[in-house]
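As structure tokens, the structure follows; a few thoughts come after it.
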2 protein chains.
Amino acid sequence: MHYYRLATPEHAVQPRIPTSIRRHLPYLLARAYQRQQRLFEAHTRDFDITGRDYGLLLMLESNPGLWQSEIADLMGLDRTTVTYLVDGLQKRGWVAREPDPADRRAHVVTMTADGRTALESIRPAAAAAIDEVLAPLDETERDQLRALLTRLLGH
Amino acid sequence: MHYYRLATPEHAVQPRIPTSIRRHLPYLLARAYQRQQRLFEAHTRDFDITGRDYGLLLMLESNPGLWQSEIADLMGLDRTTVTYLVDGLQKRGWVAREPDPADRRAHVVTMTADGRTALESIRPAAAAAIDEVLAPLDETERDQLRALLTRLLGH
DNA sequence: TATTGTTATACTCTATAACTATA
DNA sequence: TATAGTTATAGAGTATAACAATA
């Protein structure tokens with residue numbers, strides 16, 4: 001890319017991200033997230049799923065019967081966005097909504113058998129994506145990153 | 001929120017993010033990025049700017065006269081997305097496009113005087129946002145996070 | 001009155017494809 | 001032929017406001 005500029009003395013200096021920006025944590029965080037998103041997409045191209053869909057399935061796996069408002073809290077999303085998200089998974093037959101007998105305003109969301117099957121088939125691809133994202137870090141560094149991000153989030 | 005559930009024995013267990021997810025790096029990265037985005041928005045509400053706009057202005061500050069294709073490379077974006085991004089900043093009068101005399105296919109993007117003024121007025125709010133995001137970490141931890149994310153990105 | 005969820009709607013961001021102008 | 005940029009267009013994701021059902 002930009003061969004002409006590189007070959008031309010006046011333009012021989014390739015534009016670079018200045019150190020002030022390369023050391024800027026918001027920039028690093030945004031680029032890391034961007035890379036993670038793209039690698040997840042690349043690895044799960046054969047499955048009709050996004051990273052967030054996958055995250056919600058994991059959430060439901062360990063926490064069956066969540067209310068949509070609870071999903072909104074747990075994922076930091078608006079109620080209407082959760083409606084949209086659950087709609088999509090329900091159309092694929094991966095989750096079901098049932099009214100909560102204890103509070104009929106609320107709908108309880110659970111994974112279906114098809115959802116569990118889909119989750120199992122996607123899991124290896126998701127794991128491969130994570131492996132590629134984290135490839136530059138050894139186990140100790142991954143633990144450090146986990147600890148730092150956990151502190152950052154106040155968890 | 002969910003007062004009824006909390007007050008009811010059957011529902012006394014508040015739904016929690018399971019440890020398996022709380023320790024999941026993709027989840028932590030996504031939440032950290034989400035938090036950063038929202039705090040930037042909250043702090044810069046008085047200015048008509050997004051985090052990415054701000055990042056591009058910083059990029060142009062230290063690298064005046066970038067081609068749009070170079071911006072695309074540096075920010076990991078598609079050419080058409082850069083057109084859209086530069087359009088927005090140009091409408092606000094913060095950047096200007098000029099054809100590069102050395103290669104008239106390309107447009108050179110520079111900050112205007114108004115752009116520099118805007119950047120200076122926004123900088124304190126952006127800094128406050130970053131301070132709030134990073135508040136849980138001391139200087140040593142910030143350096144560690146910088147180093148780990150830099151390695152993650154292969155920079 | 002407050003809360004859960006839905007719907008209608010609109011806006012932002014992103015990318016693909018087809019184009020133009022230059023190289 | 002290949003590259004830089006634009007335009008038209010479409011799709012994802014997000015949110016606000018108004019609403020219905022229930023508490």
Side-chain angles (χ1 to χ4, degrees), chain A residues 1-8 11 15 30 33-34 37-38 40-42 44-45 48-56 65-73 75-92 95-109, chain B residues 1-8 11 15 30 33-34 37-38 40-42 45 48-53 55-56 65-91 95-109:
Chain A
M1 347 155 153
H2 321 314
Y3 299 112
Y4 178 70
R5 297 199 95 189
L6 284 172
T8 304
H11 297 109
Y33 175 71
Q34 187 188 50
Q37 289 294 99
R38 295 199 176 154
F40 187 91
E41 280 168 37
T44 60
R45 201 145 279 160
D48 183 20
I49 196 161
T50 68
R52 259 238 309 267
D53 291 334
Y54 185 72
L56 177 49
L66 286 177
W67 287 11
Q68 291 186 197
S69 60
E70 292 169 337
I71 294 170
D73 284 352
M75 301 184 78
L77 298 174
D78 186 85
R79 299 195 321 285
T80 59
T81 306
V82 174
T83 297
Y84 165 85
L85 201 58
V86 173
D87 275 354
L89 292 173
Q90 194 174 30
K91 267 173 208 143
R92 277 165 274 174
V95 305
R97 283 171 166 107
E98 299 162 50
D100 186 338
D103 186 337
R104 296 178 46 74
R105 294 174 303 183
H107 291 177
V108 144
V109 182
Chain B
M1 336 151 158
H2 322 312
Y3 300 111
Y4 179 70
R5 298 199 96 189
L6 284 171
T8 304
H11 297 109
Y33 175 72
Q34 187 187 49
Q37 289 295 97
R38 294 198 177 156
F40 187 91
E41 279 167 38
R45 201 146 280 160
D48 183 21
I49 196 161
T50 67
R52 259 239 308 265
D53 291 335
L56 177 47
L66 285 178
W67 286 12
Q68 292 185 197
S69 61
E70 291 169 336
I71 294 171
D73 284 352
L74 294 175
M75 301 185 77
L77 299 173
D78 186 86
R79 296 190 331 276
T80 60
T81 306
V82 174
T83 297
Y84 165 85
L85 201 58
V86 173
D87 276 353
L89 293 172
Q90 193 174 32
K91 267 173 207 142
V95 305
R97 282 172 167 108
E98 300 161 50
D100 186 337
D103 186 338
R104 297 176 46 72
R105 293 173 303 183
H107 292 179
V108 144
V109 181

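Computed over heavy atoms, backbone and side chain alike; hydrogens, waters and symmetry mates excluded. Labels below follow one simple rule: chain letters A, B, ... track the order of the sequence lines, proteins then strands, and each chain is numbered from 1.
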**Nucleic acid contacts - residues 78-86 of chain A versus DNA chain D, non-hydrogen atoms under 4.0 Å** = Asp78(A), Thr80(A), Thr81(A), Tyr84(A)
**Asked** Considering only dT6(D), dT4(C), dA4(D), which nucleotide approaches the side chain of Arg97(B) most closely?
**Response** dT6(D)
**Request:** For Thr50(A) and for Ala106(B), locate the closest nucleotide of DNA chain D by heavy-atom distance; then report the residue assigned to the nucleotide nearer the 5' terminus.
**Result:** Ala106(B)
**Prompt:** Which whole-number value in Å describes the distance from Met75(B) CE to dA15(C) P?
**Reply:** 12 Å
**Item:** Approximate separation, where rounding is to 0.5 Å, of Arg38(A) CZ and Gln34(A) CD
**Value:** 4.0 Å
**Fill in**
Between Arg38(A) and His107(A), whichever has its closest DNA chain C nucleotide further toward 5' is His107(A)
**Asked** Does anything in residues 82-91 of chain B pair up under salt bridge (Lys or Arg N to Asp or Glu O under 4.0 Å), and if so which pairs, sequence neighbours excluded?
**Response** Asp87(B)-Arg97(B)
**Prompt:** When the distance from CG of Asp87(B) to P of dT7(D) is rounded to whole Å, what number comes out?
**Reply:** 7 Å
**Prompt:** Where is the tightest heavy-atom contact between Ile71(B) and Val82(B), given as atom of each residue plus distance?
**Reply:** CG2-CG1, 3.9 Å
**Request:** Supply the atom-to-atom distance Asp53(A) CG to Leu89(A) CG, rounded to the nearest 0.5 angstrom.
**Result:** 4.5 Å
**Request:** Find the distance between CE (Met75(A)) and CG (Leu85(A)) and round it off to the nearest 0.5 Å.
**Result:** 6.0 Å
**Message:** Starting the side chain at C-beta, find the nucleotide from dA4(D), dA23(C), dT4(C) nearest to Ser69(B).
**Reply:** dA4(D)
**Request:** Report the relative orientation of the aromatic rings in Phe40(A) and Tyr54(A); use parallel for angles under 30°, tilted for 30 to 60°, perpendicular for over 60°.
**Result:** tilted
**Fill in**
When rounded to whole Å, the CG to P distance for the pair Asp100(A) and dT4(C) reads 12 Å
**Prompt:** Do Leu66(B) and Leu74(B) come within less than 4.5 Å of each other through their side chains, counting heavy atoms only?
**Reply:** yes
**Message:** Output the rounded distance in Å from CZ (Arg104(B)) to C1' (dT20(C)).
**Reply:** 13 Å
**Asked** Could you state the NZ-C1' distance from Lys91(B) to dC11(C), rounded to the nearest angstrom?
**Response** 13 Å
**Message:** Can you see if the side chain of Arg105(B) gets near the phosphate of dT20(C) - specifically, an N or O under 4.0 Å from OP1 or OP2?
**Reply:** no
**Asked** CG of Leu66(B) versus P of dA4(D): gap in Å, rounded?
**Response** 14 Å
**Asked** What is the distance, rounded to the nearest whole Å, between atom CD of Gln68(A) and atom P of dA15(D)?
**Response** 15 Å
**Asked** Asp103(B) has an atom CG; how far is it from atom C1' of dT20(C), in whole Å?
**Response** 15 Å
